[in-house]
Amino acid sequence: MNHWLMKSEPSVFGIDDLARAPRRRTLWDGVRNYQARNFMRDMRLGDEVFFYHSNCAEPGIAGVMRVVREAYPDPTQFDKNDPHFDPRSKPDDPRWSVVDLEFVKKFDAVVALSKLREVDALETMRILQRGNRLSVTPVSNKHWKKICSLAGEKT
DNA sequence: GCCAACGTTGGC
DNA sequence: GCCAACGTTGGC
């Protein structure tokens, strides 16, 4: 099983929104970056994903979700009324993908970005690198376990 | 193929 | 709100 991290702005869609969603599931739409898309296409059923809150008062990791459907075409790319509409994308040759994710747990407290930066063992994490903007990134087993322990969770 | 201009991300 | 870093676009 592989591990991942996905960013979302809590003012748009945060972990509480996922916990309240029907069947506690959502499709992760609106990704419009090729590298991030390619990572989503590598996700497999059962993979676990950190839910990262970005662009907010306390950026950091808020909890965990799980992949419950592997990549398929993002419906918003074909919807003229959606902000993520992509006129260059054709139904027989879609550019953008989504995966379905299910709520697993919310951490008792957000593991803050500032905290992650203090931990030597996490130095090489992708989201901690300078200028990083990717909204979907892989997380190594070592980093996954470390962050779970920071969150006070057993692995 | 180069690269300047532009739009977006996201921490602070 | 600021601004650095980055990806994309489009003229040449």
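Letters A, B, ... mirror the listed sequences (proteins, then strands); counts begin at 1. Nothing here was measured: the structure is a model prediction, and the numbers come from that model.
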Is the shortest side-chain N to carboxylate O distance from Arg25(A) to Glu102(A) below 4.0 Å? yes
Rounded distance (Å) that lies between atom P of dT9(B) and atom CD1 of Ile127(A): 17 Å
dT9(B) phosphate, OP1 or OP2: any side-chain N/O from Lys7(A) under 4.0 angstrom? no
Should Arg88(A) be listed as having a side-chain N or O under 4.0 Å from OP1 or OP2 of dT9(C)? yes
Taking the six-membered ring where the residue is Trp, are the ring centres of Phe51(A) and Trp4(A) under 6.0 Å apart? no
Residue Arg130(A), side-chain atoms from C-beta onward, closest of dT8(C), dC12(B), dA5(C): dA5(C)
With nearest nucleotides of DNA chain C determined for Asn132(A) and Asn55(A) from heavy-atom distances, which residue corresponds to the more 5′ nucleotide? Asn55(A)
Test side chain to side chain contact (heavy atoms under 4.5 Å, CB included) on Met6(A) and Met43(A); report intermediate values, then the result. CA-CA 12 Å; Met6(A) 297 171 102; Met43(A) 291 181 180; 3.8 Å; yes
So how far is it from Asp42(A) CG to Asp47(A) CG, rounded to the nearest 0.5 Å? 9.5 Å
dT9(B) phosphate, OP1 or OP2: any side-chain N/O from Tyr52(A) under 4.0 angstrom? no
Grab the two heavy atoms, one from Asn132(A) and one from Ile127(A), that are nearest each other, plus how far apart they are. ND2-CA, 3.4 Å
If you look at every strand shown and take non-hydrogen atoms under 4.0 Å, does Arg32(A) touch a base, only sugar-phosphate, or nothing? nothing
How do Arg133(A) and Arg95(A) order along DNA chain C: which one's closest nucleotide is nearer the 5' end? Arg133(A)
Return the value, rounded to whole Å, for the distance between atom NE2 of His53(A) and atom P of dG10(B). 13 Å
note: Asn33(A), atom CG; dG10(B), atom C1'; distance rounded to Å ~ 14 Å
Could you check how far CD of Gln35(A) sits from P of dG7(C), rounded to whole Å? 7 Å
Whole Å only: how far is the CD1 atom of Ile61(A) from the P atom of dG10(B)? 14 Å
Would you mind reading off the distance between Arg37(A) atom CZ and dT8(C) atom C1', rounded to a whole angstrom? 15 Å
Tell me the interatomic distance from Leu128(A), atom CG, to dG11(B), atom P, rounded to whole angstroms. 11 Å
